[in-house]
Amino acid sequence: MNIETLKFPIGKYSKPATITPALLTEWIATLAALPSSLSNEVTNLTNEQLDTHYRPDGWTIRQVVHHLADSHMNAFIRFKLALTEETPTVKPYLEASWAELPDSSMPIESSLQIITGIHARWVNLLRTFSDEDLSRTFIHPEHGKIFRLDEIIGLYAWHSNHHLAHITTLKERNGWK
């Protein structure tokens, strides 16, 4: 398997030309399903399996779980900022550096709980969105552009499936199913 496939097992994110209500419903369903899907994939793994890198120079499964909690906490906050402020500039963070902090080597249960809680609140909020809410924006200084919330829903649905696929494809390659 080549490195690009290991990095992007479901391919890179590509924003669709048109974001339809059906697509939004699908994306929100993906976000709603992540906590149980992730938990089902990682709960019975040993510490040795959790500390296995999904690719050379990549993160371990444990780091991926903690990263999902970190990333989706930030996303939820960015959504709330965009809903309550006029095109706020959000704070970027150094994901790779966060993944090296000591809390990324601790047991995964706390991050699974964070993901469950954040996604429950996030999905509940997303299901109330009007067209006006979907068109709310924020500035991401790292990318130097303005993002609409409807497109970011798609990005985080992809992000959920992207990291879930890192775990499932590693498990399949190693015969852990």
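Side chain of Ser160 to backbone of Tyr156: a donor-acceptor contact under 3.5 angstrom is found. Under the 3.5 Å distance criterion, the side-chain polar atoms of Trp158 are left unmatched by any main-chain donor or acceptor of Ser14. Proximity of a side-chain donor or acceptor of Lys171 to a complementary backbone N or O of Glu41 within less than 3.5 Å is detected. Side chain of Arg62 to main chain of Met106: a donor-acceptor pair is present (N/O by atom type, distance under 3.5 Å, no hydrogens or angles). Between the Thr43 side chain and the Ser39 main chain, a donor and an acceptor come within less than 3.5 Å of each other. Under the 3.5 Å distance criterion, the side-chain polar atoms of Asn174 are left unmatched by any main-chain donor or acceptor of Trp176. For the pair Ser36 (side chain) and Ala33 (backbone), a donor-acceptor distance under 3.5 Å is present. Put simply, the side chain of Ser135 gets close to the backbone of Glu132: a donor and an acceptor are under 3.5 Å apart. Put simply, the side chain of Arg78 never gets that close to the backbone of Pro88: no donor and acceptor are under 3.5 Å apart. Side chain of Arg55 to main chain of Leu170: no donor-acceptor pair is present (N/O by atom type, distance under 3.5 Å, no hydrogens or angles).
In summary, the side chains of His162 and His159 do not present any donor paired with an acceptor at a separation below 3.5 Å, with no hydrogens or angles considered.
A pairwise comparison of heavy atoms in His66 and Ser111 identifies ND1-OG, 2.6 Å as the closest pair. Across all non-hydrogen atoms, the minimal contact from Pro102 to Ser105 is O-OG, 2.8 Å. Scanning both residues, Ser104 and Ala99, for their nearest heavy atoms gives CB-O, 3.2 Å.
For the atom pair CD1 of Ile108 and OG of Ser110, the computed distance is 9.0 Å after rounding to the nearest 0.5 Å. Rounded to the nearest 0.5 angstrom, Glu100 CD and Trp98 CH2 are separated by 14.0 Å. Atom-to-atom distance recorded for Gln49:CD and Ile167:CD1 is 12.0 Å, nearest 0.5 angstrom. To the nearest 0.5 angstrom, Thr87 atom OG1 is 13.0 Å from Phe147 atom CZ. The CD1 atom of Ile19 sits 4.0 Å away from atom CH2 of Trp27, with the distance rounded to the nearest 0.5 Å. Expressed to the nearest 0.5 Å, how far CG of Asp150 lies from OG1 of Thr137 amounts to 10.5 Å.
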Give the C-alpha distance, both sets of side-chain angles, the deciding distance and a yes or no for side chain to side chain contact (heavy atoms under 4.5 Å, CB included) between Gln63 and Thr60. CA-CA 5 Å; Gln63 287 172 305; Thr60 65; 3.4 Å; yes
Arg127 and Phe129: CA distance, side-chain angles, deciding distance, side chain to side chain contact (heavy atoms under 4.5 Å, CB included) verdict: CA-CA 6 Å; Arg127 288 180 174 152; Phe129 271 22; over 6 Å; no
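If you chain together hydrophobic residues whose side chains sit under 4.5 Å apart, Tyr54 and Leu45 fall into the same group. The hydrophobic clustering, which links ILVMFWY residues whose side-chain heavy atoms are closer than 4.5 Å, places Met73 and Leu38 apart. One hydrophobic cluster, built from ILVMFWY side chains closer than 4.5 Å, holds both Tyr13 and Val90. With hydrophobic clusters built from ILVMFWY side chains whose heavy atoms lie under 4.5 angstrom apart, Leu164 does not share a cluster with Leu6. By the rule that hydrophobic residues join a cluster once side-chain heavy atoms approach within less than 4.5 Å of another member, Phe8 and Ile10 end up as members of one cluster.
Below 30°, between 30° and 60°, or above 60°: for Trp59 and His67 the angle between ring planes is between 30° and 60°, a tilted geometry.
With a 6.0 Å radius and a threshold of 12 heavy atoms from other residues, nucleotides or ligands, Asn40 has its CG atom above the threshold.
Of the candidates Leu81, Thr84, Leu149, Leu149 is the only one forming a side chain to side chain contact (heavy atoms under 4.5 Å, CB included) with Arg136.
Side-chain contact between Ile153 and Leu134: present, with at least one pair of heavy atoms (C-beta onward) separated by less than 4.5 Å. At a threshold of 4.5 Å between non-hydrogen side-chain atoms, the residues Ile61 and Leu50 count as touching.
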Report, one line per pair, each donor and acceptor closer than 3.5 Å where one atom sits in a side chain of residues 113-125; sequence neighbours left out.
| from | atom 1 | to | atom 2 | distance (Å) |
| --- | --- | --- | --- | --- |
| Thr116 | OG1 | Leu112 | O | 2.9 |
| His119 | ND1 | Leu31 | O | 2.6 |
| His119 | NE2 | His72 | ND1 | 2.8 |

